[in-house]
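None of the values given here were measured: they were computed from a predicted structure. Within every chain, numbering begins at 1; the chains are lettered A, B, ... in the order of the sequence lines, protein sequences first and strands thereafter.
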Amino acid sequence: MKILVINAGSSSIKYQLFDMTNESVLASGLVERIGMDSSIVTHKPTGKEEVVEVKEILDHVAGVKRVIELLTSETSGVIKSMDEVDAVGHRIVHGGESFKNSVLVTDEVKQEIKRLYSLAPLHNPAHMMGIQGVEANLPNVPQVVVFDTAFHQTMPKSSYMYALPQRLYKQHQVRRYGFHGTSHKYVSDVAAQVIGKELKDLKVVTCHIGNGGSLTAVKDGKSFDTSMGMTPLEGLMMGTRSGDMDPAIVPYVMAKEDLTINEVNSMLNKHSGLLAISGLSSDMREITDTMHENENAKLAFDMYVYRVKKYIGAYAAAMNGLDAIVFTAGVGENSIVIRQAVCEGLTFFGVELDEELNKIRSKDARIISKEGSKVKVLVVPTNEELIIARDTFNIINNA
Amino acid sequence: MIKKVGVVGIGTMGQGIAEMLAKNSLDVYIVDQSKNRQEHGLHMIEVSLDKQLEKWAITSSEKKLILSRIHLIENFEQLDQCELIIESITEDLEAKKQLFAQLDKVTSKDTILASNTSSLSLTEIASATTTPERVIGMHFVHPVATVDLIEIIRGLKTSDEIVEATKQFAEVTIAKKAVMVFESPGFVTTRLICLMINEALHIVEEGVATAEDIDAAMRIGYSFKFGPLQMADHFGLDSVQAALENMFRETGELKYRPSFVLKKMVRAGQLGVKTGAGFFNYDEDGDRI
């Protein structure tokens with residue numbers, strides 16, 4: 001069985017074709033600058049030469065068409081015809097309160113995703129264009145949608161409500177949704193396997209920290225709380241996002257600097273975080289490379305680590321215990337110093353990092369705490385595309 | 001789908017229009033009388049983007065991307081690749097007619113020819129072409145980047161398809177509220193705002209209040225972002241005078257007769273932001289001193 005996974009942005013389509021018999025990637029690629037006459041298509045067939053082409057791709061329908069041509073072409077293709085593809089899985093950022101699991105795409109599902117446009121105005125319409133692009137080209141292939149928010153739908157009300165007038169929740173769905181759900185679910189599952197216990201018997205904090213970042217408290221195998229909120233701006237300090245702050249700062253700064261809503265939004269999302277404090281970069285690698293001689297980079301690093309620690313502490317208290325901390329995503333999987341700095345201050349909880357294990361670079365899920373450490377520390381590389389493919393596979397087989 | 005837009009005339013309005021279009025992922029092709037004027041226009045767009053960068057509204061990579069979509073071209077023939085051309089040259093009927101006659105010749109018959117005129121007759125501008133059905137008014141309001149309003153004006157012969165396509169472009173592609181207007185001197189915005197500016201000028205003339213206080217009254221009292229006199233400085237006092245005179249001529253109504261103080265300032269070359277002084281003083285970047 002072969003499954004095509006698509007992550008559609010407003011002017012891009014990322015794709016991966018999986019062979020589910022062994023979960024191998026047959027091809028992956030990216031269509032960029034859709035809507036321009038010089039769109040760029042990068043196609044990477046496994047075991048064959050990479051193809052990069054610049055051509056006119058005016059919409060997502062044409063984009064998907066080109067992907068299909070490349071996947072089935074004689075020179076750069078990996079399958080004979082699209083008949084071999086059994087289903088297409090899509091990543092959808094926002095499922096609101098409507099979707100607690102991945103589902104098969106139907107007219108009702110599409111209607112509901114459209115209804116949620118206002119909660120994710122940049123992402124959901126783009127995903128819909130991806131779904132329509134597949135529909136136009138492969139009308140008979142079933143499609144599945146996998147939501148970033150779905151895993152967090154298990155949070156108790158006391159975790160997801162904001163202490164605001166209830167009318168805002170009822171009328172405008174103002175509440176915590178959380179993101180990176182697909183990843184938090186996957187790495188907590190894998191962590192339990194590595195530890196050799198059932199996830200439902202563990203209290204886990206998963207740290208998905210990359211350019212964006214969120215922490216999730218996983219209790220009884222479910223998301224109990226997560227650091228991102230109604231939007232991905234809440235929680236940790238990120239590459240260019242502020243994360244948590246006093247909400248009164250917003251009107252204060254708007255008045256002092258005469259900012260519009262768009263300007264303040266852009267400031268908080270694109271001009272804050274590591275970039276703002278270091279004055280250097282939003283990339284943690286550059287921060288850690290320069291922090292020994294650059295005071296501001298050091299401050300950015302310290303603030304970042306401090307906030308991750310605060311959340312771990314808060315979630316340990318929220319769950320009344322902690323069995324494992326799991327690091328994943330760009331920074332979590334690769335930054336030895338970040339993992340070390342976070343764990344250093346948590347010895348009080350019984351976190352004992354094994355410095356040597358922490359230094360080993362690997363693509364495998366692994367424990368990096370000392371034998372006998374009360375709280376296990378793990379690194380689990382995330383793979384959102386694979387999870388989307390698995391969910392799609394399961395839904396198609398059970399349909 | 002409109003992907004490429006020509007902008008003819010890169011003064012204050014042309015700069016704003018070009019910048020706004022490029023921000024909306026459109027490729028913009030700019031023509032003006034001289035290379036100097038083009039380069040100055042592009043420089044002012046950069047200044048405007050830098051100000052937005054300073055205010056965190058955009059990032060430096062967004063600035064680069066926006067600028068990469070703006071192309072200076074040398075002759076009208078190169079406009080034939082555009083699906084829409086927006087004219088924003090000086091408010092002079094004869095000059096506009098000449099330009100539209102030229103555009104009529106070099107563009108394909110399904111290109112929309114739009115004028116950003118704030119008060120002139122679209123029907124008359126269209127009469128200079130052999131295809132008046134594709135001539136339409138797209139009146140933007142300064143500052144174009146932040147004012148999400150556009151007046152769409154149909155001339156006598158503008159076709160329904162062109163009106164619909166223009167409305168679609170305004171509301172979907174560049175996400176502005178489109179107000180549909182039948183041709184009439186000054187349309188809605190210019191007619192109302194110029195009357196208010198003219199009345200403010202009468203108040204100055206009569207010595208009732210200072211320019212500073214008149215503006216404060218409207219800003220604070222009625223939540224205007226700018227007072228009427230600062231607005232006049234932004235539009236250019238010569239443009240305000242031209243609009244009033246045009247409405248006065250067309251309608252014969254005395255209420256549109258430009259105040260003497262306005263005429264005096266225009267004669268003195270004190271035209272507002274673009275000359276550094278109007279009712280208030282401005283620096284090179286157009287900020288109030």
Within 6.0 angstrom of [X] [atom1], more than 12 heavy atoms from elsewhere:
X: B:R288; atom1: CZ; value: yes
X: B:K109; atom1: NZ; value: yes
X: A:K65; atom1: NZ; value: no
X: B:E74; atom1: CD; value: no
X: A:Y306; atom1: OH; value: no

Q. How many angstroms lie between atom OG1 of B:T59 and atom CG of A:N269, to the nearest 0.5 angstrom?
A. 12.0 Å
(Q) Determine whether a donor-acceptor pair (N or O, by modelled atom type, separation under 3.5 Å) exists between the side chain of B:K55 and the backbone of A:D258. (A) yes
Q. When you measure from the side chain of A:H271 to the backbone N and O of B:E54, does any donor-acceptor pair fall under 3.5 Å?
A. no
Q. Given side chains that start at C-beta, do those of A:L259 and B:W56 come closer than 4.5 Å, heavy atoms only?
A. yes
Q: Can you see which heavy atom on A:S266 is nearest to which on B:A57, and at what distance?
A: OG-O, 3.1 Å
Q.
Is B:E62 in contact with chain A via its backbone, its side chain, both, or neither, using a 4.5 Å heavy-atom distance?
A. side chain
